[in-house]
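A short write-up of the structure that comes next.
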2 protein chains.
Amino acid sequence: MTETSDSQRCVPCSFDRGPPDRWAAVLRLCPKGFLVPARVTLRDVARVAAVSAKTVSRVVNQDEHVTPSTRARVQRAIADLGFQPNLVARSLRVGRADVIGLVVESLADPFFARLTSAVEQEAHERGLAVMVSSVGHVPERESVIVQSLLVRQVAGLIVTPMSQSHAYLAGTQQRTPVVFVDRLPEDITSDAVLVDDLAAGEAATRHLLDHGHRRIGFLGSELRNPTTRLRLAGYRRALAERGIPDDGSLVAVGAGSAQQAREAAEKLLSGPRPPTAIFSSNMRCSLGLVPLLHGSGRTDVAVVSFDDFPMADSLEPAVTVIDHDPELIGRAAADRLFRRLEDLDAPAETVVVPVRLVPRGSGELRPPGPSGGRDSGADGRRPPASPAERDMRPAPRQEAADGARRSGRGRRP
Amino acid sequence: MTETSDSQRCVPCSFDRGPPDRWAAVLRLCPKGFLVPARVTLRDVARVAAVSAKTVSRVVNQDEHVTPSTRARVQRAIADLGFQPNLVARSLRVGRADVIGLVVESLADPFFARLTSAVEQEAHERGLAVMVSSVGHVPERESVIVQSLLVRQVAGLIVTPMSQSHAYLAGTQQRTPVVFVDRLPEDITSDAVLVDDLAAGEAATRHLLDHGHRRIGFLGSELRNPTTRLRLAGYRRALAERGIPDDGSLVAVGAGSAQQAREAAEKLLSGPRPPTAIFSSNMRCSLGLVPLLHGSGRTDVAVVSFDDFPMADSLEPAVTVIDHDPELIGRAAADRLFRRLEDLDAPAETVVVPVRLVPRGSGELRPPGPSGGRDSGADGRRPPASPAERDMRPAPRQEAADGARRSGRGRRP
DNA sequence: CGAGGTGTTGACATCGTTGACACGGGCTTG
DNA sequence: CAAGCCCGTGTCAACGATGTCAACACCTCG
């Protein structure tokens, strides 16, 4: 076959469809005389079933008002011709695609990958497709990427805010709702799904305090990052709660990479009065800290890590983590979005997703020396008291999304 | 505001557009008398610029045949009205969406996440969006998911084959090309991007042989998985090459989880004549094996792991890996797809993406005892000879995609 | 000066689907 | 028995863009 590709592409085929021949819809004659497979449309089905296109549409859309016999005839024709509705045409007609847009920082990041996975699953269950786009490390790209999804008429958006301002979405929200995840948007009121970073920082620190530690280090990335700020605030709050003075020399922030975190941790531990425990406030930090401790045989230092990471449970001692559960966040965000699509005028909601502390060993180490904790009992945990600590309890996945605390925040008055 | 949502949704607005008023396009009067933001269309721009819709279309699409002055007037109007073309309408008209579909096993898997990330980046550069769907562990879902993307008129597909047969795509390929990744499809000839599993298995094994090992274990998951089969074949080929008899007791397959791998490795090492080195043929296996070795102080056993994993380079000794580079695979697949879109009739191509061995320590350990290798030199590597070994050389990322070996496989004759 | 070419612009139909509305027949109801 | 209703079905136009083709203006050259 050395025909030109014309014989295959042949899009505008003005062949007169003639009598209701079953095959005319499947194979179509080109002007050049070739038979080419053609898309089967509603009208083709209509012709074969001897009804109007509208009726076929009704059958396809499960409209009640169709006689069983007609329905059967149409379904037969649909099956015979292998008709598949063109969702692009439908989208144009109804003014919105059955697609949601997801904007994340980076898909290569396991956190966002798992988030995306959860969103995709939820969407798929509702027959919606998902378009993902990653912004990378250039916050200004956010709005461009959001635009590129809006022009594709997505029904709604889930966005990890990176931009300095989200005012550009103000006019759009009424038509295309946006749910923000992980952080709150700037300059705009909108639905959001957050991790309870403050409570998490508090819980991690409290956990170490409960195991007798009094000198607890904090390892974190840039303070520009609101997430880090909140976790640090939680750390400080837990210390204050127990009347432990804030020792600035125990706080090491600004570690953007695992390597930097490793160095920061080295410095922390080699100081005059080193910490007996460290709260590593994100995965990159942990990936610097943990190998350092293992490599240098300092497995006596207690560690609680924010973000679970591969191998965390295989090490000796296994690493106690605050588990983020990106799936839960994704499910909650998708859920919020679908609810929003059903009621565009309800007030904006912020969903706070609980995190849970997974004790595995490293966080339950007791400080060395005579200063051993005053606590008795193997674990030393007090009964849960604060709401923050309630959230720490492991929750079955199914219920967790619904169990998330909701705090309505009024839309502009 | 307690208006019913009608005042906001107001989609079919039959307000007569009247004279060419700039604002009529942006704010529109509802029958109820509310001003609502409305979508700006080509016709709105046309009216404001006093040209036809077609001319606006030409300007938007960078058509040359427009007078500079007209173009300027139109661009002015576009800017004034904030016009954004409706890509769904365009897609309907041209018969295909500027979207590609990506079907993976699971987005939560870091391999697929990074693959997705790369595909998305490549697509984004070309102005295409990406719809992702994951199949999960039910191969039968593959075709359903592919269909759901096809009805959305995606321009092309990148698919991780899971289904037993891909014959269902035979009729579709001419209209919507498919590039398979990671594995070859069944029952169909198509473009594909593969990792050179055989060469990788060979290279890993040869690397250990070159460091003096003669008893090398193989740790892998189910043999149902063609990927595992190929890596095992590479392992056997490398052994045969050196005249080392195949000792079945050194091959442990069927380990589906890290835990199972750990147990399998334990059995391997506790046997009467344990291996001095182990080739762990995937990440899950390594996540079982490596902590086992570290935990039991058996850091004398040499290890080469297929798939890099977090912390692999932080351990002591750091783990020598065969690096997969999902990004490279994703880029190659996207690239193949875009080329295919430009020439639907070229013969199918299989692109084999090179992998590289990253020596970090664990793979360069020499066997204990008097049987030390006959090789001299610190590394003991021979000059690269086979094509497989050529691929092992680290390649700069930019060139690697183009440097991938291509083997054309004729389309049906 | 007219024929022919080149290049800009617009009218119109069309992509495949669905919402609004109309029509006719059978049913209920006063 | 007439008025009114519901029900199944069809007609038509529209969603917003673009391909085709023709109209027209302007230029060049014989």
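A, B, ... follow the sequence lines: proteins, then strands. Residue 1 opens every chain. These values consider heavy atoms only, across backbone and side chains, with no hydrogens, waters or symmetry-generated copies. Predicted model only: the values in this text are computed from it and were never measured.
- Contact annotation: A:Asn61 reaches the phosphate of C:dT18 (side-chain N/O to OP1 or OP2, under 4.0 Å).
- Between the C1' atom of C:dG16 and the CZ atom of A:Arg47 lies a distance of 14 Å, rounded to the nearest Å.
- Remark: P of D:dA17 and CG of B:Asp98 are 13 Å apart, rounded to the nearest angstrom.
- The separation between A:Leu92 atom CG and C:dG16 atom C1' is 9 Å, rounded to whole Å.
- Exactly one of B:Val132, B:Leu107, B:Val119 qualifies for a side chain to side chain contact (heavy atoms under 4.5 Å, CB included) with A:Val132. That residue is B:Val132.
- Here the nucleotide nearest the side chain of B:Asn86, chosen from C:dG16, D:dT18, D:dA17, is D:dA17.
- Distance, A:Leu87 CG to C:dG16 P: 13 Å, rounded to whole Å.
- A donor-acceptor pair under 3.5 Å links the side-chain atoms of A:Arg340 to the main chain of A:Ala346, judged by distance alone.
- The only member of B:Leu157, B:Val135, B:Val154 that meets side chain to side chain contact (heavy atoms under 4.5 Å, CB included) when paired with B:Val146 is B:Leu157.
- With distances taken from any side-chain atom of B:Ser52 to the nucleotides C:dG10, D:dA17, C:dT8, the minimum falls on C:dG10.
- The heavy-atom pair separating A:Arg90 from A:Asn61 by the smallest distance is NH1-OD1, 2.9 Å.
- Atoms CG (B:Leu150) and P (C:dG16) sit 16 Å apart, rounded to a whole Å.
- Here B:Val60 lies out of heavy-atom contact (under 4.0 Å) with every strand.
- Within the 4.0 Å cut-off from OP1 or OP2 of C:dG10, at least one side-chain nitrogen or oxygen of B:Thr55 is found.
- Within 4.0 Å of A:Val51, counting heavy atoms only, lie sugar-phosphate atoms of the nucleic acid but no base atom.
- Counting distance only, with no hydrogens placed and no angle test, the side-chain atoms of A:Arg93 and the base atoms of C:dT17 include no donor-acceptor pair under 3.5 Å.
- No donor-acceptor pair closer than 3.5 Å links the side chain of B:Thr160 to the backbone N or O of B:Val181.
- Distance NZ (B:Lys54) to P (D:dA22): 15 Å, rounded to an integer number of Å.
- Contact between the side-chain N/O atoms of B:Ser91 and the OP1/OP2 oxygens of C:dC15 is not found at any separation under 4.0 Å.
- Looking at the side chain of B:Ala89, the nearest of the listed nucleotides C:dT17, D:dG16, D:dG19 is D:dG16.
- If you measure from atom CG of B:Asp63 to atom P of D:dA17, you get 16 Å, rounded to the nearest angstrom.
- The distance between atom CZ of A:Arg96 and atom P of D:dA14, rounded to the nearest whole Å, is 22 Å.
- For A:Ser57, a side-chain nitrogen or oxygen approaches OP1 or OP2 of C:dT18 to under 4.0 Å.
- Using a 4.0 Å cut-off, no side-chain N or O of A:Thr67 falls inside it from OP1 or OP2 of D:dG8.
- With DNA chain D read from its 5' end, the first of the two nearest nucleotides for B:Arg58 and B:Arg90 is the one closest to B:Arg90.
- Heavy-atom distances to DNA chain C give each of B:Glu64 and A:Gln84 a nearest nucleotide, and the one nearer the 5′ end belongs to B:Glu64.
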Next item on the list: Evaluate side chain to side chain donor-acceptor pair (under 3.5 Å) for A:Ser134 paired with A:Glu105, printing each intermediate quantity in order.
Entry: CA-CA 5 Å; A:Ser134 47; A:Glu105 186 171 333; over 6 Å; no

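- Listed nucleotides D:dT9, D:dG16, C:dG16 differ in distance to B:Arg39; the shortest reach to its side chain belongs to D:dG16.
- Phosphate proximity of D:dG8 to A:His65: present, with a side-chain N or O under 4.0 Å from OP1 or OP2.
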